[in-house]
Q: 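This structure is in structure tokens; I'll ask about it shortly.
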Amino acid sequence: MSNNRVTRRQFLNYTLTGVGGFMAAGMLMPMARFAVDPILQKKAGGDFVPTDKKASELSDTPVKVDFTFEQVDAWYKSKVTNTAWVYKDGDKIIALSPVCKHLGCTVNWDGNKDFKNEFYCPCHGGRYEKNGKNVAGTPPLGPLDEFEVKVKDGLLLIGKTRANTLV
Amino acid sequence: MFWTSKDIDEFLKQKEFIDTALVPLVILEGKDLGIKQSASGAEFLMSLTNFIEQQFKGRIVLTSPITYTASMSKEDIITAIYDELVAAGFKYIFFITSDHEWNRFTTNYDMIWLPSIPLGDMDEKVKQSVLSDQLRQVIPVLSSKWSKQ
């Protein structure tokens, strides 16, 4: 025991370095975090929202698929349910936004018995072809937007909207 | 369209297309018996009208809900609101409520009456399907009026 005696000087050295180290770390850590903050920020948007639609159930006829996500509007949090019209074009899954490009009503597939196999807007009679192309002579001036899609574990995931890439 | 500054700007620009106002009429009761019912009725009507707004955003303006008590004069309320919306330039003005007291106004105004369904304890999915069913009752009322011109 007498061989390993810690002198008073050594003991004070160790303890002061230890405590000093903690204090320095306490001061430097927030600074370092502050400096690299942009990297740590969580990315909003671009997230894919899961739906309960199986990719294998889709056919070449557009079907309505609902998906729900949480929306924060200042202090008001709410669950928003959106819909997409989803169909298969060969092997490719296409999801179109139901929002009419005229004034934002919701369009429906086969929504009017006079216009079979078209999307129809009940507000002002806007019409779109299956790929979202607006029919000339009806109020809308552009094609329906498209959703990004992904398939995970056989289920369909829906992402952000983008301009129609099919027309 | 909602009754917000941004949407009303849009309405002012596109009056020929956005020609319909939808006014929710909501009763407020404070007595022990009625308070719960009035709250659940308001919840139902707000959910439903928001859903209608989503479907018909480009043609309907959903006004802020009109809240009244049983003692207020219904005639005064409805005529005042109606005149104001006519002045704003709306061609079609629909009132929607789940209070059957308004039934006597159906001859002079476009009144949509729906029985209130308590949504409070419902699962999100069930709520959606209930509201879609209710919407299906409302669409014919709107479209028949629109097609008459």
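Chain letters run A, B, ... following the sequence lines, proteins first, then strands; residues in each count from 1. Because only heavy atoms are used, hydrogens play no part in the values below, and waters and symmetry mates are left out as well, while side chains stay in.
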Q: Using side-chain heavy atoms (C-beta onward) and a distance below 4.5 Å, is A/Asn82 in contact with B/Gln54?
A: yes

Q: How about B/Asp32: does its CG atom have over 12 heavy atoms from other parts shown lying under 6.0 Å from it?
A: no

Q: Working to the nearest 0.5 angstrom, can you tell me the gap between A/Asp66 CG and B/Ser129 OG?
A: 10.0 Å

Q: Kindly state each residue pair satisfying ring-ring contact (aromatic ring centres under 6.0 Å, His included) with at least one member in residues 9-48 of chain B, sequence neighbours excluded.
A: A/His102-B/Phe17, A/His124-B/Phe17, B/Phe11-B/Phe90

Q: Under 4.5 Å between side-chain heavy atoms, counting indirect links through other Ile/Leu/Val/Met/Phe/Trp/Tyr residues: same cluster for A/Val63 and A/Val107 or not?
A: no

Q: May I ask whether A/Leu96 and A/Ile93 are part of the same hydrophobic cluster, defined by side-chain heavy atoms of I, L, V, M, F, W, Y residues being less than 4.5 angstrom apart, directly or through others?
A: no

Q: Membership question, hydrophobic clusters at under 4.5 Å side-chain separation (ILVMFWY): are B/Tyr82 and B/Val61 in the same one?
A: yes

Q: Is atom NZ of A/Lys130 surrounded by more than 12 heavy atoms (other residues, nucleotides or ligands) closer than 6.0 Å?
A: yes

Q: How about B/Gln37: does its CD atom have over 12 heavy atoms from other parts shown lying under 6.0 Å from it?
A: no

Q: Between A/Cys123 and B/Arg59, which heavy-atom pair has the shortest distance, and what is it?
A: O-NH1, 2.9 Å

Q: For A/Glu57, I'd like to know if atom CD has over 12 heavy atoms of other residues, nucleotides or ligands within 6.0 Å.
A: yes

Q: Can you tell me how far the OG1 atom of A/Thr106 sits from the CG atom of B/Leu135, to the nearest 0.5 Å?
A: 9.5 Å

Q: Under a 4.5 Å cut-off applied to non-hydrogen side-chain atoms, are B/Lys57 and A/Leu103 in contact?
A: no

Q: Which heavy atom in B/Gly58 sits nearest to a heavy atom in A/Cys105, and how many Å separate them?
A: N-SG, 2.9 Å

Q: Heavy atoms under 4.5 Å from chain A: which residues of residues 107-128 of chain B carry them?
A: B/Glu124, B/Lys125, B/Gln128

Q: Taking a hydrophobic cluster as the set of Ile, Leu, Val, Met, Phe, Trp and Tyr residues connected by side-chain heavy atoms closer than 4.5 Å, whether directly or through intermediates, do B/Ile66 and B/Phe105 fall within one such cluster?
A: yes

